[in-house]
Chemist: 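I'd like to ask you about the structure that follows.
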Amino acid sequence: MLDPKLLRESPDLVRAAIAKKHLDADVDAVLAIDTTWRAQVTEVEHLRATQKSANTAMAALPKGSPEFIAKVQEMKAVSAAVKAKEVELKETELHWHAALLTLPNLPHATVPAGKTPEENQVIGGHGTPVEAKPHAVAHWEIPGFEHLFDFGRGAKVTGAGFPFMIGEGARLVRALLNFFLNENAKAGYVEVSPPIFVNAASATATGQLPDKEGQMYETLDKLYAVPTAEVPLTNFYRDEILDESTLPIYRCAYTPCFRREAGSYGKDVRGLNRVHQFDKVELLKWVHPSTSYEELDKLRLDAESLLQKLELPYRVLLMCGGDMGFAQAKKYDLEVWAAGQQRWLEVSSCSNFEAFQARRAQIRFRSQASGKPELVHTLNGSGLAIPRVLAAILENNLQADGRVKVPAVLVPHFGQEYLSFG
RNA sequence: GGAGAGGUGGCAGAGUGGUCUAAUGCGCACGCUUGGAAAGCGUGUGUAGGGAAACCUACCGAGGGUUCGAAUCCCUCCCUCUCCGCCA
């Protein structure tokens, strides 16, 4: 959510942001509702002030006196007016709030113009995308794959996209999780194991609600299975005022993530490329506004270092205005090369939300300078998502003899040097 | 799951229909005092919205209701605690 004051004072900034993100939002309509809302607030507050002063006067009068009774009669009209106007105001307020939620975050000045994924800028990376060797195949075609990742039985027991991970498959996942969490701890992120269901208020604060409820699994108790640990992590400090000296705060969390992925189809969803339940380690930062871009670069480098240590070729994309998302001010994607499919797979997305989420979630800090609460900036990024990293390891490290070489840094966690698919 | 008791400012805690603009205490900040400190004394100390400002308005777990008027009465929900039951 944007600052209503920014909208009032600089509507052109907001228009420019919408244009850069190639989104459709009616700034004038929001401004019109804002004007109506402010007029109604003033009206209701005047009526309430009348009521209050009458109340004070009545307190001093004897209860049954003619003056008192006259005053009661007089105030009945005001009371009715307050009620009527308050209903109107509440109605307007709902529309006003909903209207504000249609306005996207402003993209940072360094975000490149562009509309499509092709216009994202490749700004870095590591390693070289290897050409397909004769024996290279997509990971789901590796002989024995189904012994480690059983999609068939997962479909029987739960549904499509809920694979069982078995034996070496399960252990490799666990090795990756341990590796990621340990590395992140070394980089200063405190590990958190959060609830994996959240309530509607939390899902709203991070932007899953309203509008995107179709992408989450919902329980009878109106709880949502988390689509990412970002949701419970960010909400940890919802409605709190932090001490400035505690910033920046770094946290990381492993959770399973649940996504309905309604509407996905085709090659994108084969094998481990896209599943409904997957494991991910998420990095999260709450920082002072003056440092958030510095912190974004550091966050991205932390995620990159994981891929480097796994010796996986990857590239870094700076997302263009049209492909960066509604809430982000700046976003990088890390894409890992999968030699069997000969394509890039997104394994991390590192974003600065500036105060956009913090305003919704009301996460603030008390500024030493002003003595007043100010909104923090929030940032998050995957560090990292397991299935696609797994896919890349399987495809890139597949040997001619059908075994898969385990990255050296995982061997201590995994306990053997090769996957044998046995 | 059953029964009961609760939820008030940073914390403790009073307030059961009307200047509540929420007592009092603690904490915190500043000042006086002091060689310095403690004690003592004094002053101040929440968040949000509207307004150029003066100032006004809202907020006593959340949401509704009754009333001229609600922290206070009624309803629904959430959470905490105690006891019982069940259980990894």
Side-chain angles (χ1 to χ4, degrees), chain A residues 1-10 30-101 103 193-205 209-210 218-224 232 235-246 355-376:
Chain A
M1 192 159 74
L2 290 176
D3 186 351
K5 284 188 180 129
L6 174 80
L7 175 68
R8 274 167 219 153
E9 285 158 18
S10 321
V30 183
L31 279 170
I33 296 174
D34 185 58
T35 305
T36 306
W37 174 76
R38 281 192 290 168
Q40 290 184 354
V41 164
T42 306
E43 200 177 0
V44 166
E45 286 186 354
H46 273 131
L47 286 168
R48 284 225 190 94
T50 308
Q51 232 177 359
K52 268 181 90 160
S53 65
N55 195 31
T56 307
M58 286 168 80
L61 291 172
K63 268 277 163 55
S65 67
E67 297 95 324
F68 187 91
I69 289 160
K71 206 78 177 158
V72 167
Q73 289 310 315
E74 187 192 327
M75 292 316 292
K76 276 189 176 171
V78 177
S79 180
V82 167
K83 262 178 197 152
K85 294 290 177 187
E86 267 184 346
V87 170
E88 257 178 49
L89 176 63
K90 200 161 276 183
E91 184 87 357
T92 307
E93 215 149 49
L94 282 175
H95 287 135
W96 178 71
H97 199 248
L100 279 174
L101 290 179
L103 301 177
S193 182
I196 61 170
F197 291 96
V198 293
N199 57 29
S202 295
T204 304
L209 297 178
E218 186 183 344
T219 71
L220 276 176
D221 301 315
K222 287 274 172 201
L223 295 177
Y224 299 88
N235 278 281
F236 185 88
Y237 288 120
R238 173 153 54 85
D239 297 324
E240 293 193 27
I241 299 173
L242 306 169
D243 201 295
E244 185 172 359
S245 64
T246 61
F356 198 78
Q357 285 184 326
R359 184 170 289 107
R360 277 196 182 197
Q362 283 300 299
I363 304 171
R364 293 171 291 170
F365 69 97
R366 191 169 299 280
S367 162
Q368 302 277 332
S370 68
K372 290 284 170 193
E374 292 177 22
L375 295 164
V376 301

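What you see is a predicted model, and the numbers here were worked out from it, not measured in a lab. FYI, side chains are in, hydrogens and waters are out, and symmetry mates aren't considered; it's all heavy atoms of this structure.
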Chemist: Any side-chain N or O of Ser79(A) under 4.0 Å from OP1/OP2 of rU67(B)?
Modeler: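 Checking rU67(B) against Ser79(A), no side-chain N or O comes under 4.0 Å of OP1 or OP2.
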
Chemist: For a quick check of understanding: with a heavy-atom distance under 4.0 Å over all strands, which category does Lys76(A) fall into, base, sugar-phosphate or nothing?
Modeler: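 Answer is sugar-phosphate: Lys76(A) comes under 4.0 Å of backbone atoms only.
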
Chemist: Could you walk me through whether Leu47(A) and Val82(A) pass the side chain to side chain contact (heavy atoms under 4.5 Å, CB included) test, one step at a time?
Modeler: CA-CA 6 Å; Leu47(A) 286 168; Val82(A) 167; 3.6 Å; yes

Chemist: So, His46(A) side chain and Thr42(A) main chain: donor-acceptor pair closer than 3.5 Å or not?
Modeler: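 Yes, His46(A) side chain to Thr42(A) backbone: donor-acceptor pair under 3.5 Å.
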
Chemist: How long is the straight-line distance from CD of Glu67(A) back to CD of Glu74(A), given to the nearest 0.5 Å?
Modeler: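 So the gap between those two atoms works out to 12.5 Å.
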
Chemist: Which residues pass the side chain to side chain contact (heavy atoms under 4.5 Å, CB included) test with Lys5(A), not counting sequence neighbours?
Modeler: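 Only Asp3(A), Arg8(A), Glu9(A) meet the side chain to side chain contact (heavy atoms under 4.5 Å, CB included) criterion with Lys5(A).
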
Chemist: Which residue lies toward the 5' end of RNA chain B, Arg366(A) or Gln73(A), if each is placed at its nearest nucleotide?
Modeler: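 In this pair, the answer is Arg366(A).
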
Chemist: If I pick the C1' atom on rG85(B) and the same atom on rC75(B), what distance separates them, to the nearest angstrom?
Modeler: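 Between the two C1' atoms, the distance is 29 Å.
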
Chemist: Is rG1(B) paired to anything, Watson-Crick or G-U wobble with both distances less than 3.5 Å, and if yes, which nucleotide?
Modeler: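 When the pairing criteria are applied, rC84(B) turns out to be the nucleotide that pairs with rG1(B).
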
Chemist: Would you give me the side-chain donor-acceptor pairs under 3.5 Å for residues 358-365 of chain A, sequence neighbours excluded?
Modeler:
| from | atom 1 | to | atom 2 | distance (Å) |
| --- | --- | --- | --- | --- |
| Arg359(A) | NH1 | Met1(A) | O | 2.8 |
| Arg360(A) | NH1 | Thr204(A) | O | 2.8 |
| Arg360(A) | NH1 | Leu209(A) | O | 3.4 |
| Gln362(A) | NE2 | Arg359(A) | O | 2.9 |

Chemist: Give every pair of a protein N or O atom and an N or O atom of nucleotides 62-66 of chain B that lie under 3.5 Å apart, one pair per line with the distance.
Modeler:
| from | atom 1 | to | atom 2 | distance (Å) |
| --- | --- | --- | --- | --- |
| rG64(B) | OP1 | Lys90(A) | NZ | 2.9 |

Chemist: Using atom C1' of each nucleotide, how far apart are rA38(B) and rC20(B) to the nearest Å?
Modeler: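 Between the two C1' atoms, the distance is 36 Å.
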
Chemist: Using the test side chain to side chain donor-acceptor pair (under 3.5 Å), find all partners of Glu240(A) that sit at least two apart in sequence or belong to another chain.
Modeler: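 Applying side chain to side chain donor-acceptor pair (under 3.5 Å) to Glu240(A) gives none.
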
Chemist: Find the distance between OG1 (Thr246(A)) and CZ (Arg366(A)) and round it off to the nearest 0.5 Å.
Modeler: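 Rounded to the nearest 0.5 Å, the OG1-CZ separation comes out at 12.5 Å.
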
Chemist: For nucleotides rU66(B) and rG17(B), find the distance between their C1' atoms and express it as a whole number of Å.
Modeler: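 Going atom to atom, C1' in each nucleotide, I get 12 Å.
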
Chemist: Base contacts versus sugar-phosphate-only contacts with protein, heavy atoms under 4.0 Å: please encode nucleotides 49-61 of chain B as B, S and - from 5' to 3'.
Modeler: BSS----BBS---

Chemist: Are Trp37(A) and Leu89(A) side-chain neighbours, meaning at least one heavy-atom pair lies under 4.5 Å?
Modeler: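 With C-beta onward as the side chain, the pair touches.
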
Chemist: Can you list the residues that meet the side chain to side chain contact (heavy atoms under 4.5 Å, CB included) rule with Ile69(A), with sequence neighbours excluded?
Modeler: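 With sequence neighbours excluded, Ile69(A) shows a side chain to side chain contact (heavy atoms under 4.5 Å, CB included) to no residue whatsoever.
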
Chemist: Identify, with sequence neighbours excluded, every residue that meets side chain to side chain donor-acceptor pair (under 3.5 Å) alongside Glu218(A).
Modeler: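 In terms of side chain to side chain donor-acceptor pair (under 3.5 Å), with neighbours along the sequence ignored, Glu218(A) is linked to Lys222(A).
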
Chemist: With a 4.0 Å limit, can you tell me whether Arg364(A) has a side-chain N or O closer than that to the phosphate oxygens OP1/OP2 of rA48(B)?
Modeler: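 Indeed, a polar side-chain atom of Arg364(A) lies that close.
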
Chemist: Is Gln51(A) touching bases, backbone alone, or none of the nucleic acid, heavy atoms closer than 4.0 Å?
Modeler: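 Since only primed, P, OP1 and OP2 atoms lie under 4.0 Å of Gln51(A), the category is sugar-phosphate.
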
Chemist: Working to the nearest 0.5 Å, report the span between CG of Leu100(A) and CG of Leu2(A).
Modeler: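 It is 7.5 Å, given to the nearest 0.5 Å.
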
Chemist: Under the side-chain hydrogen bond (donor to acceptor under 3.5 Å, both in side chains) rule, what pairs show up with a residue in residues 52-61 of chain A, not counting sequence neighbours?
Modeler: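 Passing the test, one end in residues 52-61 of chain A: no pairs.
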
Chemist: Write down the protein N/O and nucleotide N/O pairs, taken from nucleotides 17-20 of chain B, whose separation is under 3.5 Å; answer none if there are no such pairs.
Modeler:
| from | atom 1 | to | atom 2 | distance (Å) |
| --- | --- | --- | --- | --- |
| rG18(B) | N7 | Lys63(A) | NZ | 3.2 |
| rG18(B) | N2 | Asn55(A) | OD1 | 2.6 |
| rG18(B) | N3 | Asn55(A) | OD1 | 2.9 |

Chemist: So which nucleotide does rG17(B) pair with, by the Watson-Crick or G-U wobble rule with both distances under 3.5 Å?
Modeler: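 rG17(B) is paired with nothing.
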
Chemist: Using the side chain to side chain donor-acceptor pair (under 3.5 Å) criterion, which residues pair with Asp221(A)? Sequence neighbours excluded.
Modeler: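 Side chain to side chain donor-acceptor pair (under 3.5 Å) check on Asp221(A) returns nothing, list empty.
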
Chemist: Taking atom C1' in both rA62(B) and rG13(B), compute the distance separating them and give it to the nearest angstrom.
Modeler: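 Taking atom C1' in both rA62(B) and rG13(B), they lie 23 Å apart.
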
Chemist: Taking atom C1' in both rC60(B) and rG50(B), compute the distance separating them and give it to the nearest angstrom.
Modeler: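 23 Å, rounded to whole Å.
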
Chemist: Between rG7(B) and rA71(B), how many Å separate the two C1' atoms, rounded to a whole number?
Modeler: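 Between the two C1' atoms, the distance is 12 Å.
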
Chemist: When you compare rG44(B) with rG49(B), how far apart are their P atoms, in angstrom units rounded to a whole number?
Modeler: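 rG44(B) and rG49(B) have their P atoms separated by 26 Å.
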
Chemist: List, with names and distances, any nitrogen or oxygen atoms from the protein found under 3.5 Å away from nitrogen or oxygen atoms belonging to nucleotides 73-81 of chain B.
Modeler:
none

Chemist: Could you give the distance from CD (Gln51(A)) to CE (Met58(A)), rounded to the nearest 0.5 Å?
Modeler: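 Going from the CD atom of Gln51(A) to the CE atom of Met58(A) covers 10.5 Å.
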
Chemist: Residues in side chain to side chain donor-acceptor pair (under 3.5 Å) with Glu91(A), at least two apart?
Modeler: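 Applying side chain to side chain donor-acceptor pair (under 3.5 Å) to Glu91(A) gives none.
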
Chemist: Measuring only the C1' atom in each nucleotide, how far is rU43(B) from rC81(B)? A whole number of Å is fine.
Modeler: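 Approximately 39 Å lies between the C1' atom of rU43(B) and that of rC81(B).
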
Chemist: Whole Å only: how far is the CD1 atom of Ile363(A) from the P atom of rU47(B)?
Modeler: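 Those two atoms, CD1 and P, are 18 Å apart.
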
